[in-house]
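A quick write-up on the structure given underneath.
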Amino acid sequence: MARGAALDPGTPEQGPEAFVDGLAALVAEEKERLKARLVSVDEAGDPGRAAMGETGELSDRLASLAFELAELRGRLESLQAGVDAVADRVDAIAAHLEV
Amino acid sequence: MTRRGGAIAAVLLRRVGLAVWHARFGLRRGSARRRAFARQLRLACEELGPAFIKLGQLASVRPDLFPPEVVFELERLRDRVPPVPAAEVRAIVRRELGADPEQLFAAFDPEPLATASIAQVHEAELAGAYRPVVGATLPAGARLAVKVVRPGVAAAIEADLALARRWIARLERLPFVARWRPRALLREFEASLASELDLRREGRVADRFARDFADDARVAVPTVVWRHTTRRVLTTVLVRGWHLNELDEARRAGIDAHGLAVHGAEVFLRQVLVHGRFHADLHPANLLVTPDGRICYLDFGIVGRTTPPQRLAIAQLLVATAYGDAERALGASRALGLEVPESAVPAVRDEVAKLLRRHLMERSPADLRGFAIAFLGMLADHRIAIPEGYGLLIKALVTVEGVSRALVPDIDVVQAAKPVATRLVVQQLVRPERLRERLPAAARAALVELLA
């Protein structure tokens, strides 16, 4: 039975034991990835790390805000269509009464 | 009894009679007998019109309430209805949007592209450029699909529901009927139907889905044009492509069906495990394969939701199931609200292990549908209640298998999804908040080990 890092991530043999092995391999891979990222951030120095983190977070929040606003705009446009429909019906009733 | 009441009673009695005949007066046992009744129930719904078709479709995603044979038969419900005349469609558009179709759109085809019991779809052309909620600005002249709720559908459904309320008030005096909690069930269905008749909700879900998969070039969602959308009219970009029953043509055009099937399974897992909302009504009519090789998702009427703790438990459940680990599968199921009485745990675990072996591990390709039917039946035999979200998820997974098989008949969706499911589990497990949550317990365990 191959164990841990000896297995290719995501393609372990069948069975619970192999599942744990595959999982361990993936955790090891994820850990290496995180370590590599931390090293690259460290090389940029502390201010660089803070700036990177803040920029990423800000960008996510802005994207989220832009979506919420666009969603709101969509709702307003739909409401506007509804109001146009009511106005059209009022006009039709007024025209009918005039006749 | 009203005329409609009489008509419903006549159809139900005839269908029950046929079901009894096909079940050989009860001589057929278990699943075969339930299948005979389920088929007649589906045919009765098709005969009785929109309210029943919709009720049947809603029941088809509720294995927590109905036997698996009924659930899987009802997913085959088809509505055959004549199109609404063009003059009536014009009147609905005018009533909903305040102008005639010719004033709102550069062109509007009075012949419907598709008709169904609740709504029908017309092709149109965008008059001026439009900036949607998600994606690039649509140019004037873009082809549109205008979905219009059929006139009188809401009233017909309400009339049938009123009738159902009266019948339930009488029938629930019978203990056999009362244990199904019919009144609560009807209230739930009423809420679902009301929400499905409001097309703005479908549009909002489509926008969210489009945002979730904005980074995936192989996923398409029709863009919503909100300025032409109200409760009874939904306008989106028209996406052309092949339905899953027209795939021979798609293959001839060079579409990679296997790649799409595997990617489709991955997209579903991302919906469930990452975004926390998933398309729960993925029958073949709700999917298109586009000429540029994308999967297009249509009709977001029924959507399942998962919370972050549920996502982790689902990830663990999926991986445990894929690797045939009954113990872990039951543990994760418990976290999802499946309550197995302590005394029944050993028997249930053994049966789950047996079913996993028989349907998934020892069969190639794995038979997820067979596993789901047997698993849900086994839970019913042990009188174990199935949580709503849990049932919906199982049903949705089986549907994903069905859709993948429509693309590639011999695909093993469990094997195809295994790497991505495992990867997603790991991503869930190593998330900083999850690590922070588990750190104190891990530190305590390490201390105990050190001091031992």
Side-chain angles (χ1 to χ4, degrees), chain A residues 4-5 7-35 37-38 53 56-57 59-60 62-93, chain B residues 93-100 103-104 130-135 199-200 203-204 207-208 210-212 214 224-235 316 319-320 322-329 353 357 360-362 415 418-427 429-432 435:
Chain A
L7 281 169
D8 285 335
T11 54
E13 304 293 324
Q14 292 185 338
E17 190 67 22
F19 158 59
V20 177
D21 292 338
L23 207 57
L26 279 166
V27 170
E29 185 195 57
E30 199 68 27
K31 207 170 78 182
E32 287 309 312
R33 205 176 54 78
L34 278 170
K35 264 162 64 180
R37 209 173 77 191
L38 284 174
E57 198 182 317
S59 157
D60 285 351
L62 273 176
S64 184
L65 185 67
F67 176 74
E68 299 287 338
L69 276 175
E71 231 187 4
L72 203 59
R73 175 168 50 79
R75 286 189 188 206
L76 286 174
E77 285 172 357
S78 175
L79 272 176
Q80 180 69 58
V83 171
D84 288 348
V86 173
D88 179 64
R89 260 181 269 173
V90 171
D91 287 349
I93 292 168
Chain B
V93 171
R94 171 132 215 154
R95 197 172 60 236
E96 286 295 314
L97 300 172
D100 290 329
Q103 294 168 276
L104 296 164
Y130 177 74
R131 186 185 172 193
V133 171
V134 181
L199 298 179
R200 291 170 302 184
R204 282 198 288 274
D207 275 345
R208 296 223 156 222
R211 186 191 176 223
D212 290 344
V224 181
V225 179
W226 283 102
R227 71 176 176 217
H228 298 322
T229 294
T230 61
R231 219 150 67 97
R232 301 286 188 244
V233 175
L234 172 66
T235 303
Q316 287 166 333
V319 176
Y323 288 91
D325 186 340
E327 182 83 45
R328 281 197 176 87
R357 271 199 308 276
L360 304 182
M361 314 307 293
E362 291 169 359
Q415 286 301 325
K418 212 187 249 184
V420 65
T422 313
R423 191 169 291 280
L424 285 169
V425 169
V426 172
Q427 281 168 359
L429 287 173
V430 300
R431 286 165 69 144
L435 289 176

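Below, read A as the first sequence line, B as the second, and so on, with proteins coming before strands; counting in each chain starts at 1. Any value given below was found using the heavy atoms of this structure, including those in side chains, with hydrogens, waters and symmetry copies removed.
- Counting all heavy atoms, side chain and backbone alike, B:T230 lies closest to A:G82 at CG2-N, 4.3 Å.
- Distance check, rounded to the nearest 0.5 Å: CD of A:E71 to CZ of B:R204 gives 7.5 Å.
- Contact annotation for B:V225: neither backbone nor side-chain heavy atoms come within less than 4.5 Å of a heavy atom of chain A.
- Interatomic distance, CG of A:L79 versus CZ of B:R200, reported as 7.5 Å (0.5 Å rounding).
- Counting all heavy atoms, side chain and backbone alike, A:D84 lies closest to B:L97 at CB-O, 3.9 Å.
- Minimum heavy-atom separation, B:R94 to A:A85: O-CB, 4.4 Å.
- Within a 6.0 Å sphere centred on CZ of A:R89, heavy atoms belonging to other residues, nucleotides or ligands number more than 12.
- Scanning all heavy atoms of the two residues, the minimum distance from A:S64 to B:R211 falls at CA-NH2, 3.4 Å.
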Legend entry - Trace of the side chain to side chain contact (heavy atoms under 4.5 Å, CB included) decision for B:R208 with A:F67: CA-CA 9 Å; B:R208 296 223 156 222; A:F67 176 74; 3.7 Å; yes
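- For the set A:A92, A:A87, A:S78, the entry with the most heavy-atom pairs within less than 4.5 Å of chain B is A:S78.
- Neither the backbone nor the side chain of B:R231 comes within contact range of chain A; no heavy atoms are under 4.5 Å apart.
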